[in-house]
Amino acid sequence: ASDISRTSPWQRSAELAPAPSARPRARAGNRLGLSELLSNSVASTVRPIKILDIRDTHEIGGPGKTLLESFRLGDRERFDLHLAYFRSPASSGESPFLAAAASLGMPVHAITARSAYDPAQIWRLSELVREQEFDIVHPHEVSSDAVTLAMRSLRRVSIVSTVHGWIGNTPKDRALNALDRFTLRY
C-alpha cells in the first residue's frame, strides 16, 4: 500500500498545496481577495464558476447592457456566464437583447411558462440548474428573485441578487417592490 493511503485527507491536501513562496500574498488584515485566490496555481486547475443570470425582460436596458458587457469582457477561464429568461408559449423568443447575447456566443436558456405566475417555472429553473450544474444563480428583477427563492427549496445553490432600481409610480409597482424586498431577505 502507498504512503498516501495512510495519511489523512488534510495531510494529503497540505502536501499538494503550493510551496509558501508560490502562494498569493495576503492583503492587510491577513485576508486574501477573490482575485488572489483565483490566481492561485491550485485554483487555476478548477473548472470555471458557472453563473446563471436570469432576466424577467427581453429588453436590453441598463442591466442587459451590463450582462452583455460582462460576458464580452469577462475572463471565460474563470467564469462561465449563461443567460436565462422567462418565455410564454405565445412568445417567439426573439428580441434585440436575446439576439445580442446569441451573437456574442452567450449560452441562452428559455424557461417556458404559461404566464408570469406559473409555478412550473420553479421546477423548470431547478432542472436547468441541476442539468447545467450552475454554482451561482443571479436573478435581476422581482419575478426572477421570487422564482429563484422558491427554487432554492428544491435545489441547493448560491444566490446573488442585484437590485437595479425600484420605481413605485403605480400601486402594482409598489406591490412588486414590496415583494422584492421580502424575497431579498432570504
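Since this is a predicted model, take the numbers as computed values, not measurements.
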Next item on the list: Please check if atom CZ in Arg130 has more than 12 non-hydrogen atoms from other residues, nucleotides or ligands closer than 6.0 Å.
Entry: yes

Checklist line | More than 12 heavy atoms of other groups within 6.0 Å of Leu73 CG | finding: yes

Answer whether the closest heavy-atom distance between the side chains of [X] and [Y] falls below 4.5 Å.
X: Thr148; Y: Thr183; answer: no
X: Val137; Y: Val129; answer: yes
X: Thr112; Y: Phe86; answer: no
X: Ile49; Y: Ile136; answer: yes

Margin query: For a side-chain contact (heavy atoms from CB on, under 4.5 Å) check, start with the C-alpha distance between Arg124 and Asp118, then their side-chain angles and the critical distance, and finish with the verdict.
Written below: CA-CA 11 Å; Arg124 290 185 183 111; Asp118 183 359; 3.9 Å; yes

Kindly give the heavy-atom pair with the smallest separation between [X] and [Y], and that separation in Å.
X: Ser115; Y: Gln121; result: O-NE2, 3.9 Å
X: Ala84; Y: Ile111; result: CB-CD1, 4.0 Å
X: Asp135; Y: Val157; result: O-CG2, 3.5 Å
X: Ser161; Y: Leu184; result: OG-CD2, 3.3 Å
X: Arg87; Y: Ala110; result: CD-CB, 4.2 Å
X: Ile54; Y: Ser144; result: CG2-CB, 3.5 Å

Notebook entry, point to check: Quick one: side chain to side chain donor-acceptor pair (under 3.5 Å) partners of Arg155, sequence neighbours excluded?
Noted result: Ser126

Notebook entry, point to check: Who pairs with Asp173 by side chain to side chain donor-acceptor pair (under 3.5 Å), at least two apart in sequence or on another chain?
Noted result: Thr170

Inter-residue atom distance [X].[atom1] - [Y].[atom2], 0.5 Å rounding:
X: Asn169; Y: Asn177; atom1: CG; atom2: CG; answer: 9.5 Å
X: Ile122; Y: Met151; atom1: CD1; atom2: CE; answer: 10.0 Å
X: Ser95; Y: Arg55; atom1: OG; atom2: CZ; answer: 10.0 Å
X: Asp53; Y: Phe134; atom1: CG; atom2: CZ; answer: 9.5 Å

Note to self: Please enumerate all residues that pass ring-ring contact (aromatic ring centres under 6.0 Å, His included) together with Tyr85, with sequence neighbours excluded.
What the structure shows: His58

Next item on the list: Measure from the side-chain N and O atoms of Asp56 to the backbone N and O of Ser143, and report whether any donor-acceptor pair falls under 3.5 Å.
Entry: yes

Checklist line | Heavy-atom donor-acceptor pair, Asp80 side chain to Pro48 backbone, under 3.5 Å | finding: no

Check: Which other residues belong to the hydrophobic cluster containing Val142, where Ile, Leu, Val, Met, Phe, Trp and Tyr are joined when side-chain heavy atoms lie under 4.5 Å apart, directly or via other members?
Finding: Leu176, Leu179

Check the hydrophobic clustering (I, L, V, M, F, W, Y; side-chain heavy atoms under 4.5 Å; chains of links allowed) and say if [X] and [Y] are grouped together.
X: Val147; Y: Val160; answer: no
X: Leu128; Y: Leu81; answer: no
X: Ile60; Y: Leu67; answer: yes

Next item on the list: Quick one: which residue pairs count as a ring-ring contact (aromatic ring centres under 6.0 Å, His included) with a foot in residues 135-162, not counting sequence neighbours?
Entry: His138-His140, His140-His164

Check ion pair [X]-[Y] (N to O, under 4.0 angstrom):
X: Asp145; Y: Arg181; value: no
X: Glu69; Y: Arg72; value: yes
X: Glu133; Y: Lys50; value: no

Check: Could Arg76 and Phe71 be counted as a cation-pi pair, given that NZ or CZ must be under 6.0 Å from the ring centre and within 45° of the axis?
Finding: yes

Could you list the donor-acceptor pairs under 3.5 angstrom formed by side chains in residues 98-109, with sequence neighbours left out?
| from | atom 1 | to | atom 2 | distance (Å) |
| --- | --- | --- | --- | --- |
| Ser103 | OG | Ala100 | O | 2.8 |
| His109 | NE2 | His82 | ND1 | 2.8 |

